[in-house]
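Both counts, for ligands and for their atoms, begin at 1 and track the order of listing. Because the structure is a prediction, the values reported are computed rather than measured. Starting from 1, each residue takes its place in the sequence as its number.
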Amino acid sequence: MPPSLHDNQALSVVLNRRSVRRFVQKDIPEDVFAAILEAGRLAPSTVNLQTWSFATFTADSWQQMFDRPIPFRAPRAVMILADTHRVRAAFDAFPESPLVEHTVAVMNASLAAMNMTVAAEALGVSSVMLSETGRSGLLDAGYLKEKLALPDNVVPIMTVVFGYPRGTRSPMPPKLPPEAISFEGAYRGTDPAVMEKWLAQMKAGYKASHPLSSLEAQLQHYASKIGRAEADLQAMVFGESALSSVTLDEQE
Ligand SMILES: Cc1cc2nc3c(=O)[nH]c(=O)nc-3n(C[C@H](O)[C@H](O)[C@H](O)COP(=O)(O)O)c2cc1C
């Protein structure tokens with residue numbers, strides 16, 4: 001952080017946020033959890049459409065629903081749903097455009113999730129966003145549709161788990177340097193050497209934090225679930241006919 005901005009507490013909260021995966025066994029007080037949810041409710045959204053819903057869980061209610069503890073034994077979880085069901089019922093101003101609609105809903109719901117994590121951080125509560133929890137993330141959208149009785153146009157995108165951190169903070173994972181990701185004017189690609197160095201750091205960092213696994217093994221695990229998730233999401237976003245029309249197009 002630039003020395004001139006050292007005293008800025010809000011900036012410090014944003015820049016020091018880290019995903020945390022180890023929690024003490026202490027619940028989050030109701031007023032603190034309510035403030036976190038409020039940060040989600042007040043997030044910005046396209047045309048203020050607020051295309052999100054939040055399914056909230058305590059350790060007990062999660063255990064009851066999923067027959068297992070919240071990931072990383074966190075005391076609270078919020079499942080973030082991209083939701084255009086509610087707003088569609090209020091008005092139907094736009095032509096049928098599932099891809100645009102879904103993109104907008106995912107974008108807005110993600111911003112709500114981010115607002116929650118920043119608010120949590122300001123209150124001393126750590127969190128991690130999860131798309132793969134073995135039962136409750138983006139990759140389990142089809143399963144969750146049934147489990148939570150989700151209507152059409154409501155798609156789970158991630159679960160955020162919240163709690164008080166245990167142990168020392170994990171070091172910052174390798175972030176790309178400023179010049180690799182921002183540019184003025186026309187698009188500028190990133191030097192392959194920068195990407196190579198970053199990938200090597202990613203692999204080493206993963207190995208250090210998961211001695212029994214590897215980044216490759218983790219990506220392999222995701223890959224094994226992506227086919228099912230792709231089919232489920234296509235059906236949820238484009239309707240049940242989506243897959244058969246894709247197949248037909250491919251045959252032409
Ligand atoms: C949409 C989204 C999904 C994520 N899914 C997972 C996940 O399934 N499992 C996990 O351990 N971390 C997950 N993460 C956390 C990322 O691994 C983490 O943000 C990244 O490594 C950068 O670390 P940092 O948040 O500490 O900056 C996810 C993050 C985002 C934004």
Side-chain angles (χ1 to χ4, degrees), residues 1 11-23 36 39-40 43 51-52 54-55 57 62 66 68-74 77-82 102-122 124-141 143-144 155-178 180-181 195 198-226 228-230 232-233:
M1 193 189 317
L11 182 64
S12 155
V13 164
V14 173
L15 298 188
N16 289 321
R17 179 210 58 81
R18 292 271 69 78
S19 291
V20 166
R21 299 177 182 81
R22 292 194 306 161
F23 300 99
I36 293 170
T51 51
W52 50 59
F54 314 132
F57 295 91
W62 181 282
F66 297 110
R68 60 178 68 188
I70 292 179
F72 308 113
R73 297 197 173 266
V78 179
M79 208 174 284
I80 309 287
L81 309 165
H102 182 65
T103 304
V104 163
V106 169
M107 182 168 56
N108 294 332
S110 305
L111 295 175
M114 192 66 224
N115 243 26
M116 285 188 207
T117 63
V118 172
E121 203 73 22
V125 174
S126 293
S127 63
V128 59
M129 296 177 177
L130 299 169
S131 50
E132 210 296 288
T133 69
R135 285 268 106 155
S136 63
L138 174 77
L139 298 186
D140 298 298
Y143 164 81
L144 289 171
V155 180
I157 59 169
M158 72 174 92
T159 291
V160 193
V161 306
F162 294 94
Y164 294 101
R166 178 162 63 85
T168 51
R169 247 177 191 287
S170 313
M172 176 150 70
K175 302 286 184 180
L176 290 167
I181 55 165
M195 295 309 294
W198 168 77
L199 189 56
Q201 289 172 342
M202 287 280 286
K203 287 181 183 172
Y206 198 89
K207 198 75 206 162
S209 57
H210 303 76
L212 302 178
S213 183
S214 66
L215 182 64
E216 290 88 340
Q218 186 60 23
L219 294 176
Q220 200 70 46
H221 171 68
Y222 281 172
S224 71
K225 299 190 72 177
I226 280 175
R228 175 77 259 157
E230 179 68 23
D232 286 347
L233 284 168

Subject >> N/O donor-acceptor pair under 3.5 Å between W52 side chain and N108 backbone >> reply: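 Side chain of W52 to backbone of N108: no pair is present.
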**OP:** Keeping the roles fixed (side chain from R135, backbone from R68), state whether a donor-acceptor pair exists under 3.5 Å.
**Re:**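 Checking the backbone N and O of R68 against the side chain of R135, no donor-acceptor pair under 3.5 Å is found.
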Under a 3.5 Å threshold, I'd like every N/O contact between ligand 1 and protein atoms, with atom names and distance.
from	atom 1	to	atom 2	distance (Å)
ligand 1	5 (N)	M129	O	3.2
ligand 1	5 (N)	S131	N	2.9
ligand 1	5 (N)	S131	OG	3.2
ligand 1	8 (O)	S131	N	3.1
ligand 1	8 (O)	E132	N	3.0
ligand 1	8 (O)	E132	O	3.4
ligand 1	8 (O)	Y222	OH	3.3
ligand 1	11 (O)	R21	NE	2.8
ligand 1	11 (O)	R21	NH2	3.4
ligand 1	12 (N)	R21	NH2	3.1
ligand 1	14 (N)	M129	O	2.9
ligand 1	17 (O)	R21	NH2	3.1
ligand 1	19 (O)	S19	OG	3.3
ligand 1	25 (O)	R17	NH1	2.9
ligand 1	25 (O)	R17	NH2	3.3
ligand 1	25 (O)	S19	OG	2.5
ligand 1	26 (O)	R18	NE	3.2
ligand 1	26 (O)	S19	N	2.7
ligand 1	27 (O)	R17	NH2	3.2
ligand 1	27 (O)	R18	NH2	3.0
ligand 1	27 (O)	K175	NZ	2.6

If we only count heavy atoms from C-beta on, is the [X] to [Y] side-chain gap below 4.5 Å?
X    : Y    : value
F54  : L81  : no
D140 : P156 : no
H210 : Q218 : no

Subject >> Candidate list V20, V128, I70, V78, test side chain to side chain contact (heavy atoms under 4.5 Å, CB included), partner F162, passing option >> reply: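 Testing F162 for a side chain to side chain contact (heavy atoms under 4.5 Å, CB included) against V20, V128, I70, V78 leaves exactly one candidate, V78.
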